[in-house]
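One structure is given here, and the rest of the page talks about it.
Every value quoted in this text rests on a predicted model; they were computed, and no experiment measured them.
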Amino acid sequence: MALKGLDIFKLTPKTNCKECGSPTCMAFSMKVAQGAVDISKCPHMSAEALATLSEATAPPMKTIKVGTGDAEYSLGGETVLARHEKTFVSKPRFAVNLTSDMDVDAVMAEANKVDYDRIGERMHAEMVYVEYTGDSAAYVEAVKKVTGMGKTIILACKDAEAAKAALEVCKAEKPILDGADASNYEAMTEIAKAAGVALGVSGANIDELYDTTAAIEKLGYKELLLNTTGASVKETFAMTVQVRRACLAKNPDRTCGYPSIVNLSKIAPNDEPMQISLASIFVLKYGSIIVMDTMNYARALPLFGLRQNVYTDPQKPMKVEPGIYALNGADENSLVLTTVDFALTYFVVSGELERSGVPCNLVISDAGGLSVLTAWAAGKLSSTSVSKFIIENVEPKVKCRKLVIPGKVAVLKGDIEAKLPGWEVIVAPNEAVQLVKFLKDMKASGEI
């Protein structure tokens with residue numbers, strides 16, 4: 001059971017040195033108990049106290065890091081069953097299923113067509129699930145072809161020798177070896193240990209999965225993922241949910257505390273509508289890695305949008321950095337527009353401005369990550385804040401003295417003009433979609 005703040009405080013040095021970033025040892029202890037700060041932030045904690053506290057304060061679900069470079073991802077680390085309780089930590093990742101008898105290049109080329117940005121986040125299939133079908137040489141060749149593609153590789157292989165050969169090709173990229181079960185877990189554990197990679201564990205049912213995982217833990221290896229794919233949709237859903245509930249229960253069972261792999265290519269093969277439906281369920285219900293036949297826009301648009309909505313921290317506003325964003329080849333003489341730093345507002349507005357083709361400078365000031373009307377109502381978007389940002393950051397860099405403000409805060413026009421001598425303030429339409437016509441009309445009339 002997790003320790004309370006007072007239990008942690010008893011083990012602190014009680015010096016109130018503030019080196020941890022908290023004003024007192026008690027404040028630090030309360031943050032550790034809430035999971036907001038790691039116990040190691042205290043530089044004066046004794047080794048004995050750290051050993052006592054580390055296990056007790058660790059999340060009930062272990063965080064597993066896989067991949068390298070831009071393809072490094074954290075899986076697991078969750079502390080709650082529902083997003084409204086706190087927040088989810090590690091978003092699920094999508095993998096494309098591949099076997100050695102497929103045209104690897106064609107499959108990957110098709111999957112790689114989906115690669116776009118949405119609200120500052122890259123949307124693409126992050127992983128490739130390479131399944132062993134019995135031919136070791138062909139399997140190694142398939143792994144060679146996907147190595148270096150910038151995707152985390154999952155080796156779905158229960159043959160020890162084939163797994164060793166495949167790992168020799170790609171172990172530098174920290175793949176996942178999804179191959180341990182009740183019949184081979186000792187050999188697979190040794191292979192995973194030697195290569196320093198995470199090991200996927202599967203079982204015929206939840207009892208066998210649990211027993212095999214416990215046996216691997218006794219061998220001293222805990223870099224694990226649980227393959228909760230069953231023989232049917234019903235079994236897969238039940239196992240995935242039961243494992244997550246067990247590790248996040250009031251008295252957590254840490255043997256269940258690992259990320260999960262759900263293989264939709266197995267339970268709904270060649271059925272695109274069913275795979276999309278199931279993937280949406282497992283985004284919500286605890287799939288850490290979701291394996292699909294491929295990734296295309298029919299799959300990506302609903303699934304990535306859903307994932308982004310669910311795995312965005314509701315306690316942290318989605319913000320972009322304040323500054324001047326030159327669009328369509330804008331220079332110092334181009335029109336100036338301004339809006340708030342709320343990420344969704346920025347990407348919608350900037351998208352419409354780019355679509356217009358008119359060179360312009362989009363100025364983003366600090367509005368607390370709030371939307372236009374919310375920021376205005378909260379005093380974060382005001383004539384003072386806008387004029388101050390323009391004087392300090394825009395006037396030294398931009399010669400144009402025409403400023404377009406959001407239509408929903410047209411009431412600020414007079415005050416901004418009074419505080420920005422020499423500037424002409426223009427009110428934009430209320431809706432971003434109207435900006436294209438608005439700018440084209442301005443250009444046609446010679447205003448810009």
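At least one side-chain heavy atom of Lys402 sits less than 4.5 Å from a side-chain heavy atom of Glu447. Contact annotation: the side chain of Glu126 approaches that of Tyr73 to within less than 4.5 Å [non-hydrogen atoms, C-beta and beyond]. Looking at Ile289 and Tyr129, their side chains never come closer than 4.5 Å, going by heavy atoms from C-beta outward. Between Leu155 and Leu167 there is a side-chain heavy-atom pair separated by less than 4.5 Å. With contacts defined as side-chain heavy-atom distances shorter than 4.5 Å, the pair Lys174/Glu72 does not qualify. Contact of the Val201 side chain with the Leu225 side chain is not registered, since no non-hydrogen atoms from C-beta on lie closer than 4.5 Å. Lys397 has its side chain out of reach of Asn393: every pair of non-hydrogen atoms, C-beta onward, lies at least 4.5 Å apart. Contact annotation: the side chain of Val349 never approaches that of Tyr346 to less than 4.5 Å [non-hydrogen atoms, C-beta and beyond].
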Exercise for the section: Mind running side chain to side chain donor-acceptor pair (under 3.5 Å) on Lys266 and Thr229 for me, showing each step along the way? Expected result: CA-CA 8 Å; Lys266 178 181 176 182; Thr229 310; over 6 Å; no
Go through the steps for Leu381 and Val372 under the test side chain to side chain contact (heavy atoms under 4.5 Å, CB included), then give the verdict. CA-CA 7 Å; Leu381 176 64; Val372 172; 4.0 Å; yes
Run the numbers on Leu98 and Glu131 for side chain to side chain contact (heavy atoms under 4.5 Å, CB included), then give the verdict.
CA-CA 6 Å; Leu98 188 68; Glu131 194 170 353; over 6 Å; no
**Message:** Working note: Lys41 + Glu19, criterion side chain to side chain contact (heavy atoms under 4.5 Å, CB included); need CA distance, chi angles, decisive distance, verdict.
**Reply:** CA-CA 8 Å; Lys41 289 289 184 183; Glu19 291 181 41; over 6 Å; no
| How far apart are the C-alpha atoms of Glu78 and Lys62, what are their side-chain angles, what is the distance that settles it, and do they pass the salt bridge (Lys or Arg N to Asp or Glu O under 4.0 Å) test? | CA-CA 8 Å; Glu78 305 298 344; Lys62 187 175 174 63; over 6 Å; no
Item to complete: Report the C-alpha distance between Glu352 and Arg355 in whole Å, list the side-chain angles of each, state the deciding distance to 0.1 Å, and finish with yes or no for salt bridge (Lys or Arg N to Asp or Glu O under 4.0 Å).
Response: CA-CA 5 Å; Glu352 294 300 325; Arg355 197 161 65 88; 2.6 Å; yes
Margin query: Please evaluate residues Cys400 and Asn333 with respect to the criterion side chain to side chain contact (heavy atoms under 4.5 Å, CB included), reporting the C-alpha separation (whole Å), side-chain torsions for both, the decisive distance (0.1 Å), and the verdict.
Written below: CA-CA 5 Å; Cys400 178; Asn333 297 308; 5.5 Å; no
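A distance-only check finds no donor-acceptor pair linking the side chain of Glu85 to the backbone of Val80 [under 3.5 Å]. Side-chain atoms of Glu110 do not come within 3.5 Å of backbone N or O of Met295 as any donor-acceptor pair. Proximity of a side-chain donor or acceptor of Glu173 to a complementary backbone N or O of Thr68 within less than 3.5 Å is not detected. Judged purely by atom type and a 3.5 angstrom limit, Thr338 uses its side chain to pair as donor or acceptor with the backbone of Val363. No donor-acceptor pair closer than 3.5 Å links the side chain of Asp341 to the backbone N or O of Ile364. Panel note: side chain Ser22, backbone Thr24; no donor-acceptor pair is recorded below 3.5 Å. Side-chain N or O atoms of Ser356 include none that pairs as donor or acceptor with a backbone N or O of Leu439 at under 3.5 Å. Checking side-chain atoms of Ser288 against main-chain N and O of Ser260 turns up a donor-acceptor pair under 3.5 Å. Glu223 places no side-chain N or O within donor-acceptor distance of the main-chain N or O of Leu199, the cut-off being under 3.5 Å. Panel note: side chain Thr152, backbone Ala71; a donor-acceptor pair is recorded below 3.5 Å.
Ser383 OG to Ile390 CD1: the interatomic distance, rounded to the nearest 0.5 Å, is 12.5 Å. Leu303 CG to Leu278 CG: the interatomic distance, rounded to the nearest 0.5 Å, is 10.5 Å. To the nearest 0.5 angstrom, Ser232 atom OG is 7.5 Å from Ile267 atom CD1. Between the CD1 atom in Ile426 and the CD1 atom in Ile448 there is a gap of 8.0 Å [rounded to 0.5 Å]. From Arg307, atom CZ reaches atom CG of Leu284 across 12.5 Å, with rounding to the nearest 0.5 Å. Atom OG of Ser265 and atom CD1 of Ile290 lie 11.5 Å apart (nearest 0.5 Å).
The minimum heavy-atom distance linking Thr147 with Cys170 is given by the pair OG1-CB, 3.6 Å. The minimum heavy-atom distance between Ala95 and Ile154, with the atom names listed, is CB-CD1, 4.2 Å. In this structure, Phe389 and Ser365 approach most closely via the heavy-atom pair CG-CB, 3.7 Å. Between Ser90 and Tyr311, the shortest heavy-atom distance links the atoms O-CE2, 3.4 Å. Closest approach of Leu353 to Asn328, counting heavy atoms only: O-ND2, 2.9 Å. Considering every non-hydrogen atom in both Ala375 and Val340, the closest pair reads CB-CG1, 4.0 Å.
The salt bridge (charged side-chain N to carboxylate O under 4.0 Å, His left out) analysis of residues 235-244, with sequence neighbours excluded, yields no pairs.
Side-chain N/O atoms of Thr240 and Lys285 include no donor and acceptor closer than 3.5 Å. Under 3.5 Å, the side chains of Ser371 and Thr374 contain a donor-acceptor pair of N or O atoms. A donor atom on one side chain and an acceptor atom on the other are found under 3.5 Å apart for Glu272 and Asn296. Side-chain atoms of Asn97 and Asp293 form no donor-acceptor pair, as typed in the model, at a separation below 3.5 Å.
Within a 6.0 Å sphere centred on CH2 of Trp423, heavy atoms belonging to other residues, nucleotides or ligands number more than 12. Other residues, nucleotides and ligands place no more than 12 heavy atoms under 6.0 Å from the CG atom of Asp70. Heavy-atom neighbours of Arg118 CZ from other residues, nucleotides or ligands within 6.0 Å: above the threshold of 12. Counted within 6.0 Å of CE on Met149, heavy atoms from surrounding residues, nucleotides or ligands total more than 12; the atom is thus considered enclosed.
Annotation: cation-pi geometry satisfied between Lys14 and Phe9 (NZ/CZ under 6.0 angstrom from ring centroid, within 45° of ring axis).
Taking a cutoff of 4.0 Å between a charged side-chain nitrogen and a carboxylate oxygen, Asp415 and Lys419 do not qualify as a salt bridge. A salt bridge links Glu121 with Lys91; the closest basic N to acidic carboxylate O contact falls under 4.0 Å.
The aromatic rings of Phe94 and Phe304 lie perpendicular to each other, with more than 60° between the two planes, well past the 30° mark.
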